[in-house]
Amino acid sequence: MTKAITYNLKLNEENSNHYYNEIATYADFVHEFIERNYAWIISQYHSFVINKIYEKERSRGEYCIELLIIGMCWNKYSGASRNTSQIVLSTLNLLNNKKNTRLPFSEKIEKLKSFILGSFVVPKINEADKSYEYNLNNFNKLIYWLESTGEFVEEVNKLKNWSAFFSSLNEWKVDFIISSSVALYDWFTISSHITLGKYTEDLQEFLKQHPHKYKHRNDIIFTGKDETEYYLNMICAEIINKALEPVFEKSIKRTIVIPDCMKTNSNQCTLNNFDDVSCCTECTLDCSIAKLFKIGSDYDFNVEIIRHSQNFSQLYSKLNSCHDIGYIVAACLLN
């Protein structure tokens with residue numbers, strides 16, 4: 001059986017330039033739509049995080065995306081947050097706290113977590129409950145569920161700020177904002193599929209195979225995301241890139257950070273001897289990583305390699321402290 005490719009940004013063209021032009025236009029359209037219909041929510045939240053949480057100011061586009069993310073999480077995962085056993089979630093939280101330690105049984109911890117996710121958590125996803133009230137208590141249950149899975153680190157960080165914001169509002173405003181985010185996500189589901197559906201034509205075939213092939217893998221939630229979550233990540237990347245571009249343009253040096261999955265599939269690869277961030281020795285010249293190192297040498301930019309997405313947080317503090325370096329980070333669409 002041919003392996004289904006979940007997305008293709010090139011389609012039948014030589015490169016992905018058409019995609020990047022299209023996603024730039026569509027991201028602007030989505031941003032403008034949210035501003036036109038939900039500006040007061042964005043303004044109130046922006047004021048709260050700046051004056052109460054003392055968060056560093058970000059672009060309004062990023063705040064708009066967060067409202068869309070609330071709708072996505074509620075629409076897709078609130079039923080699971082209500083129907084998953086508290087014992088299961090507590091066990092997952094315990095395992096998450098142990099998995100990054102160098103314990104001799106860490107591999108068994110990962111296997112146990114994979115079994116729990118596949119058997120007791122994933123089957124609850126998409127069990128929508130229309131009677132689930134839009135209130136702070138249920139919103140916090142949703143955050144707890146997302147955090148327990150270990151697959152929504154960035155989403156949880158942002159949603160906790162929204163939870164603090166909701167705590168400052170009366171019940172009807174909380175109800176209105178959450179219900180508005182759900183309606184926004186419903187609109188986005190239709191709109192994005194019309195505009196971006198051609199880039200994920202094979203995803204449904206992959207998702208048909210997914211429950212059987214990934215049932216007891218620890219990335220079953222991550223790999224099982226639907227089309228709209230792909231499209232949301234597309235516009236998230238575009239809007240965040242646009243917000244960061246002015247700072248990037250001021251940087252003196254440039255570095256590209258790439259995942260080691262770009263390497264040639266060879267057991268002889270010298271990257272196998274490194275942990276976390278690595279350097280390529282160009283052991284295989286037709287390898288994508290080796291080619292990028294060669295281009296970097298010719299055009300005076302550095303290349304750093306990272307093993308997997310969970311280690312990016314360890315690299316981030318290093319990147320964030322180098323203000324004269326502009327970073328381009330490559331990752332798969334869901335990351």
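These numbers were taken from a predicted model, which means no experiment stands behind them.
- Rounded to the nearest 0.5 angstrom, I305 CD1 and I258 CD1 are separated by 5.0 Å.
- Counted by atom type alone, T200 and Y231 present one or more donor-acceptor pairs between their side chains at under 3.5 Å.
- We find that K52 and E55 are not joined by a salt bridge, their nearest charged nitrogen and carboxylate oxygen being 4.0 Å or further apart.
- A side-chain N or O of N96 and one of K113 form a donor-acceptor pair less than 3.5 Å apart.
- With hydrogens and angles ignored, the 3.5 Å screen pairs a side-chain donor or acceptor of E229 with a backbone N or O of D226.
- In this structure a side-chain-to-backbone donor-acceptor pair under 3.5 Å is present from N138 to E133.
- With respect to D300 and K253, no salt bridge is recorded, no charged nitrogen being found less than 4.0 Å from a carboxylate O.
- Taking the side chain as every heavy atom from C-beta outward, Q44 and F165 approach each other to under 4.5 Å.
- W74 and S181 share no donor-acceptor pair across their side chains, judged by distance under 3.5 Å alone.
- For T91, the side-chain contact (heavy atoms from CB on, under 4.5 Å) partners are I87, L95, I116, not counting sequence neighbours.
- A salt bridge is defined here as a Lys NZ or Arg NE, NH1 or NH2 lying under 4.0 Å from an Asp or Glu carboxylate O, and R58 with E66 meets this definition.
- Using cut-offs of 30° and 60° for the angle between ring planes, the W162 and Y45 rings count as parallel.
- Remark: the D186 side chain and the N75 side chain contain an N/O donor-acceptor pair separated by less than 3.5 Å.
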